[in-house]
Number of protein chains: 2
Amino acid sequence: MPLTRLRPIEHLSQVDKIELRLQEYLRNEEFNPGDPLPKEMEIAKALGVSRTAVREAISRFKMLGIIESRRNRGMVIKRPDVLRNIQRVMDPRLLDGDTMKDIFEMRLVVELGLAHILFRRKTPEFIEKLEGIARTEDVTTDRIDLLKLDVDFHSALYQMSGNETIIRFQRMLMPIFDFVDSVILQKPRINQPGKIATHWDLIEELKQGTPTGFMHKMESHLWYFFEKI
Amino acid sequence: MPLTRLRPIEHLSQVDKIELRLQEYLRNEEFNPGDPLPKEMEIAKALGVSRTAVREAISRFKMLGIIESRRNRGMVIKRPDVLRNIQRVMDPRLLDGDTMKDIFEMRLVVELGLAHILFRRKTPEFIEKLEGIARTEDVTTDRIDLLKLDVDFHSALYQMSGNETIIRFQRMLMPIFDFVDSVILQKPRINQPGKIATHWDLIEELKQGTPTGFMHKMESHLWYFFEKI
DNA sequence: TTTGCGATATATGTCGTACATATGTCCTAT
DNA sequence: ATAGGACATATGTACGACATATATCGCAAA
């Protein structure tokens with residue numbers, strides 16, 4: 001009898017419970033950014049707990065960026081920065097292999113799906129930037145430098161999407177990408193069916209090709225990673 | 001003179017500073033899950049602050065799931081749940097329009113990029129599930145029910161990806177999707193060039209088509225949203 | 001009317017202390 | 001060897017005190 005899943009009894013501390021109560025309070029009361037919150041002591045009284053515990057719970061929301069407080073002004077609801085909080089957690093050391101695999105796969109999904117947006121937002125300036133990176137690659141031999149240039153190239157693509165959230169998504173997951181890259185590149189290279197699309201191929205397609213064509217080239221370009229996962 | 005951006009003077013509180021110190025401490029010391037942390041009092045002494053302040057800062061990391069503590073056992077590093085923390089922040093009321101637009105666009109990118117994964121992971125059971133939803137749609141007239149079924153259909157696609165992170169990404173962003181959907185659907189329908197691919201078309205393509213074909217159909221299917229954004 | 005200064009009230013920020021509670025450790029009795 | 005009790009200890013909770021910034025009011029000066 002394994003008993004692996006016996007009793008995941010949640011031992012919620014007082015502060016945890018307060019956090020939950022505040023969470024549901026914030027949702028139910030339909031707070032909008034700028035709205036004031038009750039005073040710490042009032043909340044403590046209402047919940048029947050000490051101000052210390054309330055402050056510990058509220059401190060958590062301050063980290064998320066949902067609550068802001070100022071001396072003598074009280075506390076107000078703030079617009080949180082969605083991605084800021086993931087970033088704190090994005091440490092390859094703290095994530096398990098499966099999750100990192102999933103995240104890396106998601107990167108591939110996003111880069112493929114990006115094609116249409118890119119064709120919509122491409123400009124001569126961006127193309128020029130990509131070409132600059134590709135030209136530098138042509139005259140670079142150092143392995144580390146090439147890896148860095150590869151990252152630059154893909155980063156530039158994200159930039160071109162013009163979508164701030166996607167850009168930050170990529171920047172945020174960079175540590176994971178780096179980690180997986182370094183692991184994958186240590187493995188022996190395997191045979192590929194047909195030619196792998198290069199950065200120059202991608203640029204060419206972007207300049208006078210189609211979204212679909214670009215996607216195919218990108219698929220070919222990333223094929224190596226697909227197989228490894 | 002607007003002066004809109006004058007003085008973003010960061011007024012970091014003591015607790016904020018402690019949080020930063022702990023953050024860099026955790027990164028630099030290369031902690032791995034399971035590793036023990038110093039006692040609260042030792043940290044307080046080392047930083048020259050009160051235990052109360054340290055506890056407020058640590059409480060934040062407990063919310064993120066990076067630190068876990070038990071009576072008399074001390075504190076240990078834990079594997080955080082990457083997406084759990086975003087969920088707390090994903091409230092349409094708290095996000096600004098631009099961010100929501102970006103997030104919604106990212107959804108489109110992901111769903112397009114999903115094609116290849118789907119063809120890799122599809123099974124008769126999943127196809128059957130999709131067909132079940134589509135059949136129900138055929139005999140449903142209520143507008144709300146149809147909206148719900150549409151969500152179900154796309155959710156099923158995410159499920160089929162088999163990527164736990166992507167699945168949770170979708171589930172997490174659901175409130176945003178719902179919100180944007182409801183806003184978009186209130187606008188008058190515009191003329192579309194050519195036929196919009198239906199769910200049945202997507203299923204058909206999935207059964208005996210190609211990833212590229214599926215992507216085109218999906219693009220057509222989502223075209224309406226693309227235009228609205 | 002506007003500006004400037006000072007007194008006051010107030011909510012959050014920080015600290016120290018005390019005690020509660022759970023849990024590991026050690027010691028002893030059976 | 002095992003059970004059980006005594007003790008030590010780190011976190012959890014609470015309370016009180018004071019620090020600090022800031023809103024508000026009153027009043028005088030320009």
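Just so it is clear, the model here is predicted, and its values are computed rather than measured. In what follows, chains carry the letters A, B, and so on, assigned in the order in which the sequence lines appear, proteins first and then strands, with residues in each chain numbered from 1.
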- Query: Any donor-acceptor pair under 3.5 Å linking the side chain of Asp178(B) with the backbone of Pro175(B)?
  - Reply: no

- Item | Close side-chain approach of Val89(A) to Leu94(A), heavy-atom, < 4.5 Å | no

- Message: Tell me whether Arg107(A) contacts the main-chain N or O of Met174(A) through its side chain, where contact means a donor paired with an acceptor under 3.5 Å.
- Response: no

- Message: Can you tell me how the ring of His199(A) sits relative to the ring of His221(A), calling it parallel under 30°, perpendicular over 60° and tilted otherwise?
- Response: tilted

- First and last nucleotide of DNA chain D, 5' to 3', lying under 4.0 Å from heavy atoms of chain A: dT13(D) to dA23(D)

- Once you build an axis from the first five pairs and another from the last five of the helix from dT1(C)-dA30(D) to dT30(C)-dA1(D), how far apart in angle are they, to 10 degrees? 10°

Please table the atom pairs, donor to acceptor, closer than 3.5 Å between any side-chain atom in residues 63-70 of chain A and protein atoms at least two apart or in another chain.
unit_1, atom_1, unit_2, atom_2, d
Ser69(A), OG, Lys62(A), NZ, 3.1

- Considering only heavy atoms from C-beta outward, does the side chain of Met106(A) approach that of Leu173(A) to under 4.5 Å? no

- Which ones in residues 32-63 of chain B lie close to DNA chain D, meaning a heavy atom under 4.0 Å from one of its atoms? Lys39(B), Glu40(B), Arg51(B), Arg55(B), Lys62(B)

- Message: Could you go through Arg60(A) and Glu56(A), starting from their C-alpha distance and side-chain angles, then the distance that decides it, and tell me whether this counts as salt bridge (Lys or Arg N to Asp or Glu O under 4.0 Å)?
- Response: CA-CA 7 Å; Arg60(A) 300 179 173 184; Glu56(A) 274 195 35; 5.4 Å; no

- If a pair satisfies salt bridge (Lys or Arg N to Asp or Glu O under 4.0 Å) and one of its residues is in residues 152-177 of chain A, list it, with sequence neighbours excluded. Asp81(A)-Arg168(A), Lys148(A)-Asp152(A)

- Is there a donor-acceptor pair under 3.5 Å between the side chain of Asn163(B) and the backbone N or O of Asp102(A)? yes

- Query: Between Lys129(B) and Ala156(B), is there a donor-acceptor pair closer than 3.5 Å when you use the side chain of the first and the backbone of the second?
  - Reply: no

- Message: Between Arg120(A) and Glu105(B), does any side-chain N to carboxylate O distance fall below 4.0 Å?
- Response: no

- Message: Please list, in numerical order, the residues of residues 65-75 of chain B that have a heavy atom closer than 4.0 Å to any atom of DNA chain D.
- Response: Ser69(B), Arg70(B), Arg71(B), Asn72(B), Gly74(B), Met75(B)

- Any donor and acceptor pair, going by atom type alone, linking the side chain of Ser161(B) with main-chain N or O of Leu157(B) inside 3.5 Å? no

